[in-house]
Asks: 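To start, I am sharing the structure in question, which I have written as structure tokens.
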4 protein chains.
Amino acid sequence: MGLKDRRLREKEQRRQQILDAARAMVLQYGVTAVSIQQIAKKAELSVGTIYLYFENKEEIFATLQEDVLDLLYEKISTAIKSIDDPREKIRQTAYAYNIFSIKYKQYFDIINYFLAPTEIIFPPNLKEKIDTHGNKILSLIVQAIEEGAKAGYFDTTNAKKCAVVLWGTIHGLLQFRKLKNTILKNDDFDEIYNYSVECFIKGLSKKTIAVR
Amino acid sequence: MGLKDRRLREKEQRRQQILDAARAMVLQYGVTAVSIQQIAKKAELSVGTIYLYFENKEEIFATLQEDVLDLLYEKISTAIKSIDDPREKIRQTAYAYNIFSIKYKQYFDIINYFLAPTEIIFPPNLKEKIDTHGNKILSLIVQAIEEGAKAGYFDTTNAKKCAVVLWGTIHGLLQFRKLKNTILKNDDFDEIYNYSVECFIKGLSKKTIAVR
Amino acid sequence: MGLKDRRLREKEQRRQQILDAARAMVLQYGVTAVSIQQIAKKAELSVGTIYLYFENKEEIFATLQEDVLDLLYEKISTAIKSIDDPREKIRQTAYAYNIFSIKYKQYFDIINYFLAPTEIIFPPNLKEKIDTHGNKILSLIVQAIEEGAKAGYFDTTNAKKCAVVLWGTIHGLLQFRKLKNTILKNDDFDEIYNYSVECFIKGLSKKTIAVR
Amino acid sequence: MGLKDRRLREKEQRRQQILDAARAMVLQYGVTAVSIQQIAKKAELSVGTIYLYFENKEEIFATLQEDVLDLLYEKISTAIKSIDDPREKIRQTAYAYNIFSIKYKQYFDIINYFLAPTEIIFPPNLKEKIDTHGNKILSLIVQAIEEGAKAGYFDTTNAKKCAVVLWGTIHGLLQFRKLKNTILKNDDFDEIYNYSVECFIKGLSKKTIAVR
DNA sequence: CATGAATGAGATTTCATTCAT
DNA sequence: GATGAATGAAATCTCATTCAT
């Protein structure tokens, strides 16, 4: 029994070892530039061993994405931990996401890696996993919105819908940062970004602000 | 007189021939999967000939993107041509974008191709061109917002900023359609999408809606 | 008749135009890096036209070599024009060759281009031409040696043989300059070079220096 | 114990297999005409495998050159092994070099491959290696000259300088064999060659040869 | 004569994946 | 379980040469 446990533990360790290497390489060179050979070298394992723990390259990146989402979750989570005002929570969420997209640029690309290109077929178990990790982030936003609704700031009956909208909005805009040298060359990106968040908050707010 | 002209015309035709082939391949297999060889075969030209008309693969896709942006422009433009209400214009813009992202799924991916992955360095002339084509679309939205501001619906002094926000929002959300089987499996994507547009419009509207 | 003449003259001009371009490109980029397309562009002619005047790439370089040999001839010729002492003539010949190999490095490579690699089959007419141009250089050395023999400095009955030896010696050594960073990294190349010339002169000199 | 050893041995064997193929191809077609694909085919290996053992084409040829220099070393070494007279040693060195340049014509071209064309940048470790192999040959000549100096035949204080001169001389002249159908068509090349050696020896000898 | 578009083989290099040990 | 050598297709790009106009 102890043996079995150790085996299992070691197996998990190897997996992490590989993921650590993959993560490091991706952070350094970007998603597209990383090969299995490079990962193997970095992990100080043989190429064959990689395939013992992962079906293929795709699976590594998919698993990596869980990590990325977890990191993002943590960043957002930390950012809003001690904040009370739901509107401020949303602002800080967006801010943390912004910082994340700059500081962990290559991780941000991992998210895009699975978002952008032609349909990647996930094996069902991965689909579920990513689901879970993504939902955790979503739930942070959902919570903030629900609090806002309860506190009477927001006018919504479907917090999740709103949360997805926020996420889509800020993620989409953050991709547009790439346009800062072309279409947006005369604009302050961060100002636009912040504006979008305010716009979202305002759109969420109760319409009727009584004016006598 | 005729000779030089014809030469020029034929040259332009070849260029189109290549772009047609590239577009067809991209539509069928997606951006990442297409190679120069495949394009050459499809265009019934030799590989060398491709390089006679385009510096490299990147340039083909970049040129393709101009086409894509033009198509998108046309779709949106047509959709809002005969509409007067600025708010309805925005709704129809978003709707047209949504349809575009479904019907021309692979074209939508071409836009993402240049948005998502690791920095692609454009030669300056291409940068300018894409700039122009992207701005044309943006200006459609800008115009609608400005009309709305003039008509007293919207409360904004920077229409471009708002237009970028809208574009980022709907583009970002449309990418999330990919999540419809995972995170969004219990939600109606189109409903969320429409909601986000309404949210944007509301966020843009004058706050003070007199009551009583 | 005048027409025929002009035609002929123009034809020769075109040839020179091509050779000028080829020479310029070779000087700038080196023998191996130059393509017909580049030459055509530089000469402001079409690729097809090049092939109207030269059978193939090889022929261009071969013809170019004549030029190179002529240039070398001129350099040596000028260097020794006003010198009387045959031994000094040889020294200056070697010195001019040395300078030539540095200043016109790429031209020096043209000579090697036909010297080094596997047998290049010259068309007979080119063979003769190069023969002539090479012989002109050789004859400069021959003359100096013969003068030296006549003046009683040198002890030889076959000046041409000696001239070839000198040429081979200094040409061979000049190629060794490439080794200055490896095998010769601790040696002063020019000193070795000069020494070889002195050695040659000494070897040529009358053995019997009477010593009582 | 055996396993690791065998692996290593096999790996070395593969390397040799590749070098053998490369050498064979070079011998048959010359340095410039050989491609990686051809080498792979000859070696009955896949192209990818070649790149498993050598960084690039250059490295193969560089390694090959070490072999060539070793072979040349061996030929010279054998030729002078049992000779005492330093002057005869030099003669036999030159003779062996001459034979080598005829019998292993393509090998001789490998040496030229790295001598003649536009600067090839060696990775430092190869530079050192070739350095070593070249120096071994040089040292053979150096030794002969030093012996000659000690025996009172030669008048020199810098044997290495003289050795380089000899090497450059005979190597340069051997390249000129290519001219035997043009410039040297009326001359006996070998006679010239031998003369150059005698000239070198004489140039090296003490001037004062007592007469009467 | 002149053009220059077109060819298509060929060059180098990379890389996901397999499989015998 | 682990290894890592081997594969070989594929990718991008170049270039000498031809030929219809």
Asks: Send over the distance from A:R15 CZ to F:dG1 P, rounded to a whole Å.
Replies: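 After rounding, the reported distance stands at 12 Å.
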Asks: Should A:R7 be listed as having a side-chain N or O under 4.0 Å from OP1 or OP2 of F:dG1?
Replies: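 No, because none of the side-chain N or O atoms of A:R7 sits under 4.0 Å from OP1 or OP2 of F:dG1.
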Asks: Please check the phosphate of F:dA10 (OP1 and OP2 only) for any side-chain N or O of B:Q37 closer than 4.0 Å.
Replies: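 For F:dA10, neither OP1 nor OP2 has a side-chain N or O of B:Q37 closer than 4.0 Å.
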Asks: Rounding to a whole Å, what distance do you find between A:Q38:CD and E:dT13:C1'?
Replies: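 Nearest whole value for this atom pair: 14 Å.
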Asks: For B:E44 and E:dA6, what is the distance between atoms CD and C1' respectively, to the nearest whole Å?
Replies: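 Roughly 15 Å, once rounded to whole Å.
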Asks: Across the strands shown, which category fits A:K11 at heavy-atom distances under 4.0 angstrom: base, sugar-phosphate, nothing?
Replies: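 Sugar-phosphate contact only.
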Asks: Give the stems involving DNA chain F, where a stem is 3 or more consecutive Watson-Crick or G-U wobble pairs (i with j, i+1 with j-1, and so on) under 3.5 Å.
Replies: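 E:2-21 with F:2-21 - these are the stems of 3 or more pairs that involve DNA chain F.
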Asks: What is the distance, rounded to the nearest whole Å, between atom CG of D:L45 and atom C1' of F:dT7?
Replies: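 Value for this atom pair: 10 Å.
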Asks: Select one nucleotide: of E:dT17, E:dA6, F:dA16, the one nearest the side-chain heavy atoms of C:I36.
Replies: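 My answer, after comparing the listed nucleotides, is F:dA16.
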Asks: Do any side-chain nitrogens or oxygens of B:S35 fall under 4.0 Å of OP1 or OP2 in F:dA11?
Replies: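 Answer yes for this pair, as a side-chain N or O of B:S35 is under 4.0 Å from OP1 or OP2.
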Asks: Can you establish whether the number of heavy atoms outside B:K129 located under 6.0 Å from its atom NZ is more than 12?
Replies: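 Not buried by this count: 12 neighbours or fewer within 6.0 Å.
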Asks: Whole Å only: how far is the CD atom of A:Q17 from the C1' atom of F:dG1?
Replies: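 Distance check: A:Q17 CD to F:dG1 C1' gives 14 Å.
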Asks: Treating A:D109 as the side-chain partner and A:N112 as the backbone partner, does any N or O pair qualify as donor plus acceptor under 3.5 Å?
Replies: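 Not at all, since once roles are kept as given, no pair shorter than 3.5 Å links the two residues.
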Asks: Sub-3.5 Å donor-acceptor pair from the side chain of A:D20 to the main-chain atoms of A:R23, do we have one?
Replies: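 No: the side chain of A:D20 does not pair with the backbone of A:R23.
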Asks: If the cut-off is 4.0 Å, is A:R14 near the phosphate of F:dG1, judged by side-chain N/O to OP1 or OP2?
Replies: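 Checking F:dG1 against A:R14, no side-chain N or O comes under 4.0 Å of OP1 or OP2.
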Asks: To the nearest Å, how far apart are B:I18 CD1 and E:dA6 C1'?
Replies: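 Those two atoms, CD1 and C1', are 11 Å apart.
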Asks: Grab the two heavy atoms, one from A:L19 and one from A:I60, that are nearest each other, plus how far apart they are.
Replies: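 Closest approach of A:L19 to A:I60, heavy atoms only: CD2-O, 3.9 Å.
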Asks: Can you sort out which residues in residues 46-57 of chain A have a heavy atom within less than 4.0 Å of DNA chain F? Ascending by number, please.
Replies: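 Contacting residues: A:S46, A:V47, A:G48, A:T49, A:L52, A:Y53.
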Asks: According to salt bridge (Lys or Arg N to Asp or Glu O under 4.0 Å), who are the partners of A:E55, at least two apart in sequence or on a separate chain?
Replies: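 Not a single residue meets the salt bridge (Lys or Arg N to Asp or Glu O under 4.0 Å) criterion with A:E55.
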Asks: Listed by chain and number, what are the salt bridge (Lys or Arg N to Asp or Glu O under 4.0 Å) partners of B:R14, not counting sequence neighbours?
Replies: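 Listed in chain order: nothing, the list is empty.
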Asks: Identify the heavy atoms of A:F54 and A:E59 that sit nearest to each other, and give their distance.
Replies: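 Heavy atoms of A:F54 and A:E59 come nearest at CD2-OE1, 3.2 Å.
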Asks: Test of understanding: with ring-ring contact (aromatic ring centres under 6.0 Å, His included), list the residues that count as partners of C:Y107, not counting sequence neighbours.
Replies: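 Scan of C:Y107 (ring-ring contact (aromatic ring centres under 6.0 Å, His included), adjacent residues dropped) gives C:Y104.
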Asks: Would you be so kind as to tabulate the donor-acceptor pairs closer than 3.5 Å made by side chains of residues 38-48 of chain C, with sequence neighbours excluded?
Replies:
{"residue": "C:Q38", "atom": "OE1", "partner": "C:S35", "partner atom": "N", "Å": "2.8"}
{"residue": "C:Q38", "atom": "OE1", "partner": "C:S35", "partner atom": "OG", "Å": "3.4"}
{"residue": "C:S46", "atom": "OG", "partner": "C:T49", "partner atom": "N", "Å": "3.3"}
{"residue": "C:S46", "atom": "OG", "partner": "C:T49", "partner atom": "OG1", "Å": "2.7"}

Asks: Using whole Å, what does the distance between atom P of nucleotide F:dA11 and atom CD1 of B:I60 come to?
Replies: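 About 13 Å, once rounded to whole Å.
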Asks: What is the distance, to the nearest angstrom, from the CD atom on D:E58 to the C1' atom on E:dT13?
Replies: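 Nearest whole value for this atom pair: 14 Å.
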